[in-house]
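This report concerns only the one structure given below.
By convention here, the first residue in the shown sequence is residue 1.
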Amino acid sequence: MEWRELEGVSWFSILKKAQEWTGELPDRKKRRLKQEPTIIVDLPQLSPPDGKEELDEVLAIMEEKELDSGEIKETDKFPKKMLFSIVGKKQSDYKDLVDDLKIYTIKEKMKHKRARPYQISDKIDKPKTDTLDSPSYPSGHTIEAIGIATFLSDKFPDKKQELMDAANDISLARIQMGVHFPSDIEAGKQIGEIIGRAHIGGAKA
């Protein structure tokens, strides 16, 4: 495309129309791409729809503000701590589970390299958070939250409702922040549940 065809169009506007994530993974996530999980699972062949088709739903959820600013901050910064504290455990107590969730998350994200809602819409400002250093699809917060909640619900059945409510809040918050599409969340829930159930069975690779 020649420059004269871009007269009157800012580079910012062009980037806002992009559908592919163009960031740089931090070193720790690059290392995870090379790691193998402790448990091998067959994940469904998922793919995201056109992000622009979901923007109205994202904007509606952002407008509803179902979660307050304090809840948003907690779900963004401390999702795993939220879940493990419900059952009086620490993340380090379940290292293999947490590591596998992270490994599968980054491998799936880099398959699709989907841009985040705020990257393709001028109506959504980039939120102030350090949890945006990877593509949008599927939601990593959701994979981890649902995976942990699924696993812990089996070990602590009396806490199942509280665990799943917390996991769903963590997932919803990602849309309310403007950093995920609904389809990112739905894919994350499917993947997280599969990994969580695999760890309940305990079959090692």
Side-chain angles (χ1 to χ4, degrees), residues 10-33 35 46-83 91 98-99 101-148 166-189 191-192:
S10 71
W11 283 108
F12 179 75
S13 295
I14 294 171
L15 289 172
K16 280 290 185 178
K17 295 177 182 178
Q19 294 281 321
E20 184 170 311
W21 184 77
T22 56
E24 176 73 16
L25 287 179
D27 288 342
R28 71 184 188 282
K29 292 190 176 180
K30 289 178 181 178
R31 288 193 294 270
R32 283 188 202 128
L33 277 173
Q35 295 174 339
L46 303 172
S47 60
D50 187 321
K52 293 178 182 178
E53 296 177 359
E54 294 188 272
L55 281 175
D56 285 345
E57 190 172 354
V58 174
L59 292 168
I61 290 172
M62 293 179 72
E63 181 66 25
E64 289 170 5
K65 294 183 174 64
E66 184 173 333
L67 302 173
D68 63 35
S69 59
E71 291 171 318
I72 290 287
K73 183 177 181 179
E74 184 178 17
T75 61
D76 180 43
K77 296 289 187 181
F78 311 110
K80 291 183 287 296
K81 182 179 179 180
M82 284 175 61
L83 292 160
Q91 177 177 330
V98 173
D99 285 350
L101 290 165
K102 291 179 180 294
I103 291 168
Y104 278 109
T105 290
I106 197 60
K107 288 180 183 291
E108 288 298 306
K109 281 177 175 287
M110 294 309 290
K111 284 182 184 178
H112 305 287
K113 296 183 180 179
R114 187 188 202 184
R116 294 178 182 269
Y118 72 86
Q119 293 177 306
I120 68 170
S121 173
D122 291 315
K123 295 180 180 180
I124 303 174
D125 295 327
K126 181 179 180 179
K128 296 179 180 179
T129 177
D130 59 2
T131 61
L132 305 176
D133 55 4
S134 63
S136 189
Y137 186 93
S139 165
H141 272 62
T142 302
I143 290 175
E144 292 184 14
I146 295 296
I148 292 167
N168 286 326
D169 281 350
I170 291 166
S171 301
L172 174 62
R174 302 305 283 172
I175 307 177
Q176 191 172 319
M177 290 173 66
V179 301
H180 276 297
F181 298 96
S183 58
D184 299 340
I185 304 304
E186 290 307 311
K189 287 182 176 181
I191 294 170

Mind listing the side-chain donor-acceptor pairs of residues 180-187 below 3.5 Å, one per line with the distance, residues two or more places apart or on another chain?
| from | atom 1 | to | atom 2 | distance (Å) |
| --- | --- | --- | --- | --- |
| H180 | ND1 | S136 | O | 2.9 |
| H180 | ND1 | S136 | OG | 3.3 |
| H180 | ND1 | D184 | OD2 | 3.1 |
| H180 | NE2 | R116 | NH1 | 3.3 |
| S183 | OG | E54 | OE1 | 2.6 |
| S183 | OG | E54 | OE2 | 3.2 |
| S183 | OG | R114 | NH1 | 2.9 |
| D184 | OD1 | R114 | NH1 | 2.6 |
| D184 | OD2 | S136 | OG | 2.4 |
| D184 | OD2 | F181 | N | 2.8 |

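Of the possible donor and acceptor atoms, none in the side chain of K189 sits under 3.5 Å from a partner among the backbone N and O of I146. Proximity of a side-chain donor or acceptor of T105 to a complementary backbone N or O of L101 within less than 3.5 Å is detected. Judged purely by atom type and a 3.5 angstrom limit, K109 uses its side chain to pair as donor or acceptor with the backbone of P135.
The nearest pair of heavy atoms linking M62 to G178 is SD-CA, 3.8 Å. In plain terms, the two heavy atoms of A173 and T75 that are nearest each other are CB-OG1, 3.1 Å. Between K65 and Q176, the closest heavy-atom pair is CA-NE2, 3.5 Å. Taking every heavy atom of both residues into account, L83 and A166 meet most closely at CD2-CB, 3.9 Å. Shortest non-hydrogen contact noted between G188 and T142 is C-CG2, 3.6 Å. Of all heavy-atom pairs spanning P138 and I143, the tightest one is CG-CD1, 3.6 Å.
Distance check: I124 CD1 to Q119 CD gives 10.5 Å after rounding to the nearest 0.5 Å. With values rounded to the nearest 0.5 angstrom, K113 atom NZ is found 8.5 Å from W21 atom CH2. Atoms CG and CD, on D133 and E24 in that order, are 10.5 Å from each other to the nearest 0.5 Å. Remark: S134 OG to I106 CD1 distance equals 5.0 Å, nearest 0.5 Å. Within the model, atoms CG of L67 and CD1 of I72 stand 5.0 Å from one another, a figure rounded to the nearest 0.5 Å. Put simply, CG on N168 and CD1 on I170 are 9.0 Å apart, with the number rounded to the nearest 0.5 Å.
The closest side-chain heavy-atom distance from T129 to M177 is below 4.5 Å. Side-chain contact check for I191 versus L46: some heavy-atom pair is nearer than 4.5 Å. Contact of the L25 side chain with the M110 side chain is registered, since non-hydrogen atoms from C-beta on lie closer than 4.5 Å. Residues E144 and V98 have side chains not in contact (no heavy-atom distance under 4.5 Å, counting atoms from C-beta outward).
Under a cut-off of 6.0 angstrom, the local environment of CD in Q35 is crowded, with over 12 non-hydrogen atoms contributed by other residues, nucleotides or ligands.
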Step by step, would you call T131 with H141 a side-chain contact (heavy atoms from CB on, under 4.5 Å)?
-> CA-CA 9 Å; T131 61; H141 272 62; 3.9 Å; yes

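Here salt bridge (charged side-chain N to carboxylate O under 4.0 Å, His left out) pairs that include residues 68-78, with residues two or more places apart or in two chains, are D76-R174, K77-D130.
Geometric assessment of K81 against the ring of F78 yields a positive cation-pi assignment under the 6.0 Å and 45° thresholds.
Y137 is linked by a ring-ring contact (aromatic ring centres under 6.0 Å, His included) to H112, counting only residues two or more places apart in sequence or in another chain.
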